[in-house]
Structures are given as C-alpha cells and as structure tokens.
Amino acid sequence: MAENGLIAELKGSGESALYRIVGEFSGYVMTVIRNFAGGALSAQDMEELCSDVFYKLWLHRENLDEKYGLKPYLSVCAKNAVKNRLRQLRQPYDDIDGLELPSELSVEKTAELNEMMRHINNALTELSEDDREVFLRYFFYGEKTAEIARAMAINENTARSKLMRTRNKLKDYLEQRGFDYV
C-alpha cells in the first residue's frame, strides 16, 4: 500500500495501520538511527529509539500530511531522537578538573602538568561555550572533528576552525604564563 494510503488509514482506523507501518518501516527507521548515531549507541538504545519514533508517529498521526509520505517524517523523528539521546549521554564539558593524569609521571612533572591544567581550565572559562566544547571534545574526550561537527550540528570545517583558533588562544595564554614548550 502506498505511504499516503497508510497515513490516511492511520488517521482513520488507527492501530491496525500502525502495526503495518511498524512492520514495513522498522528496518528503514533502524537504518536511519544506526547511520546517524555513528556507532555511539548500543543496540538496546537504538531499538528503544526506534520504538519511540513509532510512538511519536502514533501521537502525532492527525498532523501528518499525505502528500509528504511517511519516510521524511520517520527520518526526521529518528534523527531528532538520536540527537536527544546523544545529548543525554554526553558528559558535561564545563570542567576538566576531574581528569586524571597518568601515574607514571614524576612528582615534579605531575605538579607542572597540574599547574598547566589549572591554567587551561581558567583559559577555557574565557572562551565561548561552543569553542570550549569543541576543544574539550577533541583533546580530552578523543572525538574526531567529524563526530564533533555532527553532535554539535555544525559544519566540519567550522569545527576545525574553532579548534585551531582555540589552540592558538590557549598556546598564547600558556606562553604568557611561562609554559614555553606548548
């Protein structure tokens, strides 16, 4: 049955059409979720999000427009569900004090690195929220610029530019405070 016929049936008779839609489009929704999540979610999370997408479809069935079909609606719902779940799973990027340094460093080197971390943390508070988040995601959480761009809904080149500008600002900031090997 054509998508617009399923939408009309969903609006009219309800549950039986929903079961057919779930059966027909579950694979599609899971593919959108899997591709958009980029491996950041467990299989259980992805299944839960898939169910959430169809629940949202059920709740908003009266607002669906037959001329657009189901796939665009399901795709947008799936992408938004992934974005929301990834936001929930992310650690806060406000403070780097909780990060631990490797234990094999000498006491002197550890003290020096702790001092530098304190200065970096101070410098980061002076940055915009976006610049700080890009920097922390890249250097402290090991995310690639493509992942950062996708998670923050910005262009990858924008993420790279923010990263480069922030590195230069931090380098200048640290050099002014006596860290000349940065």
Side-chain angles (χ1 to χ4, degrees), residues 1-96 98-99 124 127-167:
M1 179 179 269
E3 288 182 40
N4 53 356
L6 280 172
I7 293 171
E9 191 176 333
L10 181 66
K11 287 180 175 182
S13 64
E15 286 184 35
S16 64
L18 180 64
Y19 290 126
R20 284 203 309 282
I21 291 169
V22 170
E24 189 173 329
F25 292 97
S26 287
Y28 172 75
V29 171
M30 281 299 287
T31 299
V32 171
I33 290 170
R34 189 178 312 107
N35 290 342
F36 200 70
L41 296 175
S42 69
Q44 183 179 356
D45 281 338
M46 290 189 295
E47 288 174 16
E48 185 178 316
L49 291 179
C50 186
S51 296
D52 291 348
V53 168
F54 290 109
Y55 178 68
K56 182 168 266 189
L57 174 69
W58 175 253
L59 291 178
H60 300 285
R61 65 188 180 275
E62 295 300 322
N63 300 328
L64 294 173
D65 191 338
E66 287 92 351
K67 69 181 175 187
Y68 296 117
L70 282 170
K71 281 187 176 181
Y73 180 83
L74 294 172
S75 177
V76 168
C77 282
K79 288 176 184 179
N80 287 338
V82 170
K83 280 197 274 188
N84 291 336
R85 179 62 54 91
L86 291 175
R87 276 190 206 114
Q88 291 171 352
L89 295 175
R90 294 283 181 215
Q91 298 178 6
Y93 295 100
D94 294 337
D95 192 13
I96 60 174
L99 296 173
L124 289 175
L127 298 173
S128 73
E129 186 176 326
D130 284 349
D131 289 347
R132 180 174 50 248
E133 184 172 345
V134 169
F135 180 84
L136 291 173
R137 282 177 180 263
Y138 186 83
F139 284 104
F140 290 92
Y141 297 101
E143 294 182 19
K144 294 179 170 78
T145 53
E147 294 171 8
I148 296 167
R150 185 173 48 247
M152 295 179 66
I154 59 175
N155 185 295
E156 187 174 354
N157 288 334
T158 302
R160 286 186 185 136
S161 295
K162 287 178 176 291
L163 185 59
M164 187 177 72
R165 279 195 312 270
T166 302
R167 285 176 58 178

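Residues take their numbers from the sequence shown, with the count starting at 1. Heavy atoms only: backbone and side chains are in, while hydrogens, waters and symmetry mates are out.
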Measuring from atom [atom1] of [X] to atom [atom2] of [Y], what distance do you get when rounded to the nearest 0.5 angstrom?
{"X": "Ser161", "Y": "Asn155", "atom1": "OG", "atom2": "CG", "value": "8.5 Å"}
{"X": "Phe135", "Y": "Leu127", "atom1": "CZ", "atom2": "CG", "value": "8.5 Å"}
{"X": "Leu10", "Y": "Glu15", "atom1": "CG", "atom2": "CD", "value": "10.5 Å"}
{"X": "Ser75", "Y": "Ile33", "atom1": "OG", "atom2": "CD1", "value": "10.0 Å"}

Report, as yes or no, whether the 6.0 Å neighbourhood of atom CD on Gln44 holds more than 12 heavy atoms from other residues, nucleotides or ligands.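 For Gln44, atom CD is not crowded (no more than 12 foreign heavy atoms under 6.0 Å).
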Greater than 12 external heavy atoms within 6.0 Å of Arg165's CZ: yes
Distance-only check: which donor-acceptor pairs under 3.5 Å involve side-chain atoms of residues 54-61, not counting sequence neighbours?
{"unit_1": "Arg61", "atom_1": "NH1", "unit_2": "Trp58", "atom_2": "O", "d": "2.6"}

The criterion is side chain to side chain contact (heavy atoms under 4.5 Å, CB included); which residues satisfy it with [X], sequence neighbours excluded?
{"X": "Asn35", "result": "Thr31"}
{"X": "Met152", "result": "Asp130, Glu133, Val134, Arg137, Ile148, Ile154"}
{"X": "Thr145", "result": "Tyr138, Glu156, Arg160, Leu163"}

Considering all heavy atoms of both residues, which atom of Tyr28 and which atom of Lys71 are nearest to each other, and what is their separation? OH-O, 3.6 Å
Heavy-atom pair of closest approach, residues Cys50 and Ser26: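 Distance-wise, the nearest heavy atoms are SG-O, 4.1 Å.
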Leu86 vs Leu41, side chain to side chain contact (heavy atoms under 4.5 Å, CB included): CA-CA, chis, key distance, verdict: CA-CA 8 Å; Leu86 291 175; Leu41 296 175; 3.9 Å; yes
Output all residues satisfying salt bridge (Lys or Arg N to Asp or Glu O under 4.0 Å) with Asp45, sequence neighbours left out; order by chain, then residue number. Arg85
Any residue meeting side-chain hydrogen bond (donor to acceptor under 3.5 Å, both in side chains) with Asn84, in chain and number order, not counting sequence neighbours: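 For Asn84, the residues satisfying side-chain hydrogen bond (donor to acceptor under 3.5 Å, both in side chains) (neighbours in sequence not counted) are Arg87.
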Apply side-chain hydrogen bond (donor to acceptor under 3.5 Å, both in side chains) to Asp131 and list each qualifying residue two or more places apart in sequence or on a separate chain.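 Asp131 satisfies side-chain hydrogen bond (donor to acceptor under 3.5 Å, both in side chains) with Ser128, Lys162 only.
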Mind checking whether Ser51 and Glu47 have side chains closer than 4.5 Å, heavy atoms only?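 Sidechains of Glu47 and Ser51: no contact.
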